[in-house]
K.L.:
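One structure coming up, written as C-alpha cells, with questions to follow.
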Amino acid sequence: MRLPKTYEPGQYEADIYTLWEQSGAFTADPTTDKERFSVAMPPPNETGTLSLGHALFLTLQDIMARYNRLRGKDVLWLPGTDHAALAVNAIIEKKLTEEGTTKHEIGRDAFLDRTREFVSQSRGIMLGQMRAMGASCDWSRLKYTLDPTLSRAVGEVFVKMYSDGLIYRGHRIVNWDPNLETNVSDDEVEYAEETTSFYTFRFGPFEISTARPETKFADKYVVMHPDDKRYKKYKHGDTFEVEWINGPVIATVIKDKSVDPSFGTGAMTITPWHSMVDFEIAERHSLDKVQVIDFHGKLLPVAGEFAGMGIAEARPKIVEKLRAKGLLIKTDENYVHNIARNERGKGIIEPQVRLQWFIDVNKQVVEWKGEKRSLKEVLQNVIREGDIQLLPTRFEKTYFHWIDNLRDWCISRQIWWGHRIPAWHRTDTDGTLETYVGLQPPTDEREGWNEWEQDADTLDTWFSSALWTWSTLIDPTLAEDYSLSLQDLLAKSPDFQAYHPTNVLETGWDILFFWVARMILSTTYATGQVPFKTVYLHGLIRAEDGKKMSKSRPESIIDPLDVIPKYGTDALRMALIMGVTPGNDQNWGWGKVEANRNFCNKLWNIARYTEGALGDVHKPGGIPDPQSTADHWALQKLQQETKIIEGYLDTYRFSEAYEHLYHFVWDNVADWYVEASKSQESREVLGYVLENILKLAHPFAPFVTETIWQTLYSDTDGLLITSSWPKVRRSNKEKAADFEEIKAIVTEVRAVTRALGLSKPSLYYTSVPFWRKTASCCSGWPDSAA
RNA sequence: GGGUUGUUAGCUCAGCUGGCUAGAGCACCUCGUUUACACCGAGGGGGUCGGGGGUUCGAAUCCCUCACAACCCACCA
C-alpha cells in the first residue's frame, strides 16, 4: 500500500507546492483562446507577517482560482505587496525612536535605505507564508506598488488628473499628526471617547466654553446663532475690547447658523487654524486665521509666555492664569469628548492649515458613458447601474452614504516613504512660485529664478493601490518607453487586454472606502473600465471569545503558521470558510480546525480503501459502466452534488459549496458507497468516484487531494491542479432510487436489531441483493448477518 | 444624531427570492473494533427559531413594534 495509515500534511505540503509551482500550473497565458478568469490579490502591507485575515483571503481567492482552472479557464491570480507608506513609515520611526535617534538626524536617504531593508525582509517572509497557504497565484507576475511600472502608472494618473483640473494644490485644514509629522485622510482618523475637563471662561460680556484652552490665544471672534434672543443686542460685526489670556484683545461678533444655541451658553470663540468647523465658519465670513500650535505640537510665540510648551504642559498653566485673572467661571470635570487619533501610530490629530494636494470629487470633467461627470457621480453610477455588484448587497447602502459625505480627497503626505509627488517648484527673487507637473523633471532654467525642486511630499498609499487591478497588467518593458501615452501602454499590454476588467475583487469590508471605492474612482477615470465586476467582501476573524484579536492581548492572536504544522494547511483553509457568510465576522474555532483535519483524514482513508480494493492499476479519466444499484446511486449523487457545488461556487457561496462537499464525501461516499462496494466484485465505479471527489475537493483542500493523486496515479496522469472538473455522467434513475430504498431499509433494520438487543447489528458485509431479500421477507434474521 | 448587522440546540454558526418532521461542527449519552479511517462506525438526547402584534392556506424566513448586543458614519465649541 502506497498510502500510509494516516495523512501527515507536514510530510507532503512543501513538496506538493513546489511541484505545482515548477509545473507552471499557476501561470496565466494571455495567448490562449480560453475563457479568462482574473483576480488581483489585495497586496498585503509589507509590515511583517501574515495574519489569519490574510489566510482567509488567500483561501477564498485560491478556491476561486483552482475551481476556475479546473473548469478549463485561463486563470490569472496576480500576487503582490504594498509599500504601505504610512504604516511602514510608522514602524521605522518607532524603531528609530527605540534606538534613540530620529529620521531628521539620519536624513531622508538613510531613512529610505533603512526602510527598503525592512520591507524586503518582510516581503520574503510574507511570500513564504502565501505559499504555505497553498496560494496558486502567478508568481511570474508578482508586483509591488513601488515597481517602476506601477510608479509610471501613478505618475500618469497624477498628471492626467492635474491637467484635467481634478488635482489641485491649496491651503486647507487637514488632519495633522504631530507625531508622524504628516497629514492623514479623513478615513484614517479614528475617534474615541475620553473624559476631559471642560472650562467656561469670561470673554467680555460673553461666557464661552472649551476643552482646549491652549488654542485660544488668538481667538478674536465670538460666534452665535443669528436667532439667539439672548444675544439680540449684539450685531454681526460689532467689536469690543476684552481682557484675555495675554492682555486685551479686540473681538468681533459673528452671527452664524452653524452654532447650536442649546449647547452651553450658545456663544463660542473660534480657532479657525485648528478646528474643522471653525475653519468653515471663518471661510464663510472671510475671517483671519492664526496658527497657534506648530507642526510638532508646540505653542508658537502668539502664546506669549507659553511659547514652546507642549499641549499637555501648557493646558493647566493657561487655565491657572485665567483663573488668577478671574476669567474662569467653572470647570466641568466629567465632559465626554471625542478625541481624534491617527489610526497608524495613534498620534492625536491636531487640525492644521497646510498647503496640500487634493483630488476634486465634484468637478464634472470625467468622461463616462458618454457624459461629463464628476468622480462622485461615476462612483455612484457604476453601482447603481450594476456594472459592479457588491456582495453582500447591503454594503451598497453604506457605499452610497460614504459617497454622499465624501469631501475632496487629500492625497499628499509629509512622510518620506512612498511615491514622490510628480511636481516641481521654483521661485524667483520676489518669492513668486512656479509649479510644473509632469512625469519627468523639468530641465529649463530661467534667469532670476531658483532651480526646480521636487515637491517634498509623497502620495497617500491608496493613490497607488487604487490603480492595482490595471497598473499590474502593464507590460514592464513598454512602461520604460516614455513616448507612449497611458492609453498606448494599455492598448499594447497583452495582460491588460486579456485580463481587465478583473472578474472579482475579494477583500475585507473594512477597506471598502479606503481601497474598493478608490479603485473604482481611479480606474474608471484612467482606463474607462470598471476595475472588477463583482466585489466579495469577507468579514473579520475575531478571537475565539468573540472579541477582536489585538496586539494588546497577544494571547488572542492566532498565527496561521502555528496552526499549519499541527493540523495541515487544508484543515486551516476549510476551518476559515466553514459556516461563514460574506460580510459577516466569524470567531476563530479550534473545533473547526480539528473537524477539518478529520475530514482530510477521511478523504485519505477513502483513497486508502480504494487503493486496496482496486490494486495498483488505476487510470483516471475513463467512465466505467455501473454494475450495481450502489454504482448507479453513487454516480447519480456525484452528478447532483457536482451541479450543486458548481452552482454555489459560481455565486460565491463558498460555505454552502464546502458543506455539500463535506457531506457528500462523508455521509454518502464513505458511509454508504464504500461499504456497499465491499460486497461488490467490480469496483471500477469506486475508482471513478474517488477520482472525482478529489477534483471536487481540490479547491478546498488542495494539498491532501494532490498528495493522494500523486501517490496513487502514475506520472502520465499529470497533476490534479491542472486536471478537469468532473463531467456529469447520467445514471439509471430507477436503479439509483432502488439503492435509496435499500438505504432506508438498512437503517430500519439497524434500528430493529438494536431494539431487539442484538449486540452486533452490523450489515456491512452483506451483499446488496441480500439486503433486499432480507427486507422483503422480513420474517427472520439469519445468523450469518449477525 | 444617522445607518448597518445580529439575537436559531450547551457553545460557534448555516438556513438564498416564505413551503416537506428546523440543520451543521463541537460538546453530551448509548452501543460497537468490521477488507480504509478511534483524526472511526451505528444510533440517541437537546431548539416556545429574542418578546409581542400583523400579512398568508402556510413564516426562522415578509411587515410593524419593543428589548438587548456588536459595528460603521457624523460630531458641539
Side-chain angles (χ1 to χ4, degrees), chain A residues 1 3 5-7 186-187 190-191 198 200 208-212 215-216 219 222-224 258-260 262-271 275-278 281 335 337-338 340 392 394-395 397-398 400-402 404-405 509-510 512-513 539-540 542 544-548 567-568 571 574-575 578-581 583-613 647-648 651 653 655-656 658-659 662-663 666 670-671 674-675 677-679 746-747 750-751 753-755 757-765:
Chain A
M1 182 124 355
L3 294 169
K5 189 166 174 183
T6 48
Y7 172 57
D186 295 343
D187 291 315
E190 59 180 25
Y191 294 88
F198 190 59
T200 301
I208 57 109
S209 300
T210 185
R212 302 208 51 198
T215 64
K216 295 282 147 191
D219 285 15
V222 57
V223 190
M224 60 215 71
S258 67
V259 179
D260 176 4
S262 66
F263 184 86
T265 62
M268 65 177 192
T269 61
I270 56 168
T271 313
S275 157
M276 306 285 172
V277 177
D278 295 1
I281 294 172
Y335 181 67
H337 187 68
N338 264 335
R394 67 179 144 91
F395 279 103
K397 200 163 183 176
T398 322
F400 285 124
H401 184 254
W402 179 80
D404 290 342
N405 293 307
W509 57 256
D510 53 323
L512 179 60
F513 307 138
L540 309 179
R542 293 181 307 231
E544 209 161 8
D545 60 7
K547 290 176 188 155
K548 269 191 175 175
Y567 295 93
M574 292 187 285
M578 182 178 173
V580 173
T581 43
N584 289 334
D585 295 350
Q586 62 168 308
N587 293 356
W588 171 254
W590 286 105
K592 291 203 253 184
V593 187
E594 253 177 67
N596 287 296
R597 189 241 351 235
N598 297 352
F599 179 62
C600 292
N601 195 242
K602 185 51 85 171
L603 277 170
W604 185 260
N605 275 291
I606 291 170
R608 275 191 92 218
Y609 169 78
T610 309
E611 187 195 2
Y648 282 138
T651 51
R653 291 161 69 173
S655 179
E656 282 107 321
Y658 157 80
E659 206 170 307
Y662 181 95
H663 290 290
W666 204 307
D671 289 348
V674 164
E675 295 307 331
S677 79
K678 288 175 181 172
S679 63
V746 170
T747 305
R750 281 170 181 163
T753 314
R754 174 179 296 274
L758 296 176
S759 60
K760 293 183 179 179
S762 172
L763 279 174
Y764 298 140
Y765 306 104

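Letters go in sequence order (proteins before strands), and every chain restarts at 1.
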K.L.:
Considering only atom C1', compute the distance from B:G19 to B:U12 and round it to an integer number of Å.
P.N.:
29 Å
K.L.:
Requiring both pairing distances under 3.5 angstrom, list the stems that contain RNA chain B and are made of three or more consecutive Watson-Crick or G-U pairs.
P.N.:
B:1-7 with B:67-73, B:10-13 with B:23-26, B:28-32 with B:40-44, B:50-54 with B:62-66
K.L.:
Taking the same atom, C1', in B:A14 and in B:C49, what whole-Å distance lies between them?
P.N.:
13 Å
K.L.:
Each nucleotide in nucleotides 71-77 of chain B should get exactly one letter: B, S or -. Can you fill that in based on protein heavy atoms under 4.0 Å?
P.N.:
S-S-BBB
K.L.:
Would you kindly give the CG-to-P distance between A:Asp671 and B:A24, to the nearest whole Å?
P.N.:
13 Å
K.L.:
If you look only at pairs with a residue in residues 589-607 of chain A, which of them pass as a salt bridge (Lys or Arg N to Asp or Glu O under 4.0 Å), with sequence neighbours excluded?
P.N.:
none
K.L.:
Do any N or O atoms of the protein come closer than 3.5 Å to N or O atoms of nucleotides 17-23 of chain B, and which pairs are they?
P.N.:
none

K.L.:
With rounding to the closest Å, how many angstrom separate the P atoms on B:G25 and B:G45?
P.N.:
16 Å
K.L.:
Where the side chain of A:Glu675 is concerned, which of B:U5, B:A36, B:G43 is the nearest nucleotide?
P.N.:
B:A36
K.L.:
For A:Leu3 and A:Arg608, work out which heavy atoms get closest and say how close.
P.N.:
O-NE, 3.2 Å
K.L.:
With sequence neighbours left out, write down each residue that passes side-chain contact (heavy atoms from CB on, under 4.5 Å) with A:Asn584, or none if nothing qualifies.
P.N.:
A:Arg394, A:Thr581
K.L.:
Considering residues at least two apart in sequence or located in another chain, which fulfil the side-chain hydrogen bond (donor to acceptor under 3.5 Å, both in side chains) criterion with A:Trp588?
P.N.:
none
